[in-house]
Every structure is written in structure tokens, then in C-alpha cells.
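Structure first, then comments.
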Amino acid sequence: MIGRPDGGGLEAAEATYPSPPVLIGAPTLTSTPGRFPVLAEPVADSVLDGGTVGGLTVRAASIRGDDHRFYGSPRQDAFALWTAADSASATPAMIASVADGVGSQPLSHLGAAAVGAHVQAELQQHLGALLDAGAEHELSDRLHSVFAAVADRLRVDARAHDVEPHLLSTTVVGAVFGWESAGSRRAVLFRVGDSLIFTLRGGTFEPAFVDGTQNVVLDTATSALPLQVGPVEIGVATLAPGDVVVLCTDGLGIPLGTEPVARQLADWWHAGPPDLAEFYWQLSFRAQTYGDDRTAVCVWVD
């Protein structure tokens, strides 16, 4: 029974969640976490967060994949959420990012865990200009400067761990969500690497980046930070109430390209944000051959 603030109890049965549904095939590995990874610094199997920011409702989760759970390897994905203040508006903006550590690098979980804070620190310095539609011609230079500085910060992290920088290699995808104005909201999207952004609109997941061209203001891309610093893919989106923006690693992005997964997630998410436990359960769906870590930040526009 769930307690109430007045000391009473809820008569209705509390929500229960069965095992995550199998949406593709017949997975052979269990989704139950096994042995803990042997690491100098612990990495949680899963991380869950959520909240509201100025008309945006956020649900976020990073879940260790079945493959890593089976082999006792750490989760190499991460996400970060930040409220972004700006004097131009009383309504806060928001910065969200999702990182996917390069699977071949044994310490990439450290890079993925660190890059979100570095992105936020650098973007905060350019927030007003990034969200100014009249300064869109400056996005290329600003984002190049941001990610050059992020790469430098990751190199400093590598020195602090006394390891080579490439061992922390990670991709990153993210968005800066501006304040609401005249019924719409401007968002600047960015990515380094192969993670993805979708907008759920009208029951369909629309990709923000398709072969590096769709909605891209700048196509300069790097494959991973910190060593391969180069041009960054950038998009600008105009969001309306009812839109859902999904930032995700390929652990979700690849299966989302299949009809069963896209149909089920659209059905779950189109009506509004689930509670935190339900969101975690939904994102934990099973899919044969898709055993990678799975991380998503979903933003519902009110």
C-alpha cells in the first residue's frame, strides 16, 4: 500500500510492472543484472531521472544492455540534464545530452560520464546567442568552439586518470531547448558521432539527422571525442505543443528503426509522459540481437 502525505493509504492497488515486453524475436540473454563490473570507480547498472522545466516535461534513463550485464562489463552510456538560465527570459531553458562511450575502448564509460558536464559548461557561455534566431549564421563557429573546448576538457580528464585520451572516446548528441514564444519553442540540436535525435509527431518518429543532411545547418562531423575533433552536425527545430523530442544512443535508435518498436513506443508516449518507473520499464523492452546499452532523454513539449 502506498502512503499518503496525510498518513492514510491509497485503496487502489499500486502500479506493478511485469517483466519488460519482448518486441523483437526471442532474446537468449537474460535482462537481469549479473555480476558487478570490476572497476576502480563504480558505474551504476541504470540511472533514472525526470522533472519539468519551463513547459517541458523530461524523462531520462540509461540502462546497461543485456550484453554488458551478461559479461559483467560496465554501462558505457550516460546522459546529463541542466536548467540553463539566461537574462533574456524569465523562463529557464534546458540543456540535455546523451553520450555513448566507444565500445572498443575500455575506459570509454569515463568519457561518457564526464562529457555532459563539459558540454553544459561550454554551451552555457553561448546560450543567448545559440537561441537567437537572428544569430543562426554564427552557429557553425560557436559550436566548433564549444566542442574544441569539450575535447580539451576530456584530455585533461585523461591526464587526471593517467591514461591515453583515446581510452575515454565517446560520442555525444544533445539539444538546447529555448523558452516558449508565441506558441512554439526553438531548439538547437547537435551531435558528434552516430547517436540520434527523433521528434515524435503525429504518431511518427521523425529523425533530425538523416545521412548527415536532414535539417542540418552545419555538416562537419567528428566520429568521437576527444581525439577526432572536427565539424559538428547541427540542426535547428521549431517545436509545438504535443511534440516529443527523443535523444538516444544507438541502443534505442537502431531498434527504433523497426516497426514493432516504433509502433509500441509511439503508442506509449504520444498521450503524455509516463511516471518514472513506467518510463524505465518501457525503455527496458527486450529485442533479439539488440543487447547494447540503451539511453534516452525524452522531452514532452507542453
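A quick note: this is a predicted structure, and the numbers were derived from the prediction, not measured.
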_Ile63/Arg75 under side chain to side chain contact (heavy atoms under 4.5 Å, CB included): CA gap, chis, key distance, verdict_ = CA-CA 7 Å; Ile63 304 170; Arg75 173 175 51 85; 5.8 Å; no

*asked:* Do Leu168 and Leu227 land in one hydrophobic cluster if side-chain heavy atoms of ILVMFWY residues count as linked below 4.5 Å?
replied: no

*Under 3.5 Å, side chain of Arg155 to main-chain N/O of Pro226, donor-acceptor pair present?*
yes

*asked:* Side chains of Val43 and Gln76, heavy atoms from C-beta outward: is any pair under 4.5 Å?
replied: no

*Rounded to the nearest 0.5 Å, what's the gap from CG on Leu276 to CG on Asp49? Could you check?*
7.5 Å

*Taking the side chain as every heavy atom from C-beta outward, state whether Val172 and Ser195 have any atom pair closer than 4.5 Å.*
no

*Given side chains that start at C-beta, do those of Arg201 and Asp243 come closer than 4.5 Å, heavy atoms only?*
yes

*Can Arg294 be said to sit on top of Phe285's aromatic six-ring, NZ or CZ under 6.0 Å from centre and within 45° of the ring axis?*
yes

*Around atom CD of Gln264, are there more than 12 heavy atoms of other residues, nucleotides or ligands at under 6.0 Å?*
yes

*Heavy-atom distance under 4.5 Å between the side chains of Ile234 and Leu189, does that happen here?*
no

_To the closest 0.5 Å, what do you measure between CG (Asp100) and CG (Asp77)?_
4.5 Å

*asked:* Within the structure provided, determine whether Arg64 and Pro37 are in side-chain contact (heavy-atom separation under 4.5 Å).
replied: yes

*Evaluate the criterion side chain to side chain contact (heavy atoms under 4.5 Å, CB included) for residue pair Thr170 and Val102; output intermediate values, then yes/no.*
CA-CA 5 Å; Thr170 184; Val102 174; 5.7 Å; no

*State the CD-CD1 distance between Glu233 and Ile197, to the nearest 0.5 angstrom.*
9.5 Å

_Taking every non-hydrogen atom, the tightest pair across Pro106 and Ser104_ = CD-O, 3.7 Å

*With the threshold set at 4.0 Å, does a side-chain nitrogen-carboxylate oxygen contact exist between Glu122 and Arg153?*
yes

*Taking the side chain as C-beta and beyond, is there a heavy-atom pair between Pro273 and Phe279 under 4.5 Å?*
no

*Out of curiosity, His118 NE2 to Leu123 CG, how far, rounded to the nearest 0.5 Å?*
13.0 Å

*Any idea how Trp269 and Trp300 line up, ring-wise: parallel (<30°), tilted (30 to 60°), or perpendicular (>60°)?*
perpendicular

*Taking the side chain as every heavy atom from C-beta outward, state whether Val299 and Met94 have any atom pair closer than 4.5 Å.*
yes

*asked:* Please report the interatomic distance CZ(Phe205) to OG1(Thr199), rounded to the nearest 0.5 Å.
replied: 10.0 Å

*With rounding to the nearest 0.5 Å, note down the distance linking CG in Asp45 to NE2 in His68.*
11.5 Å

*Decide yes or no for Trp268 and Trp281: does some side-chain heavy atom of the first lie under 4.5 Å from some side-chain heavy atom of the second?*
yes

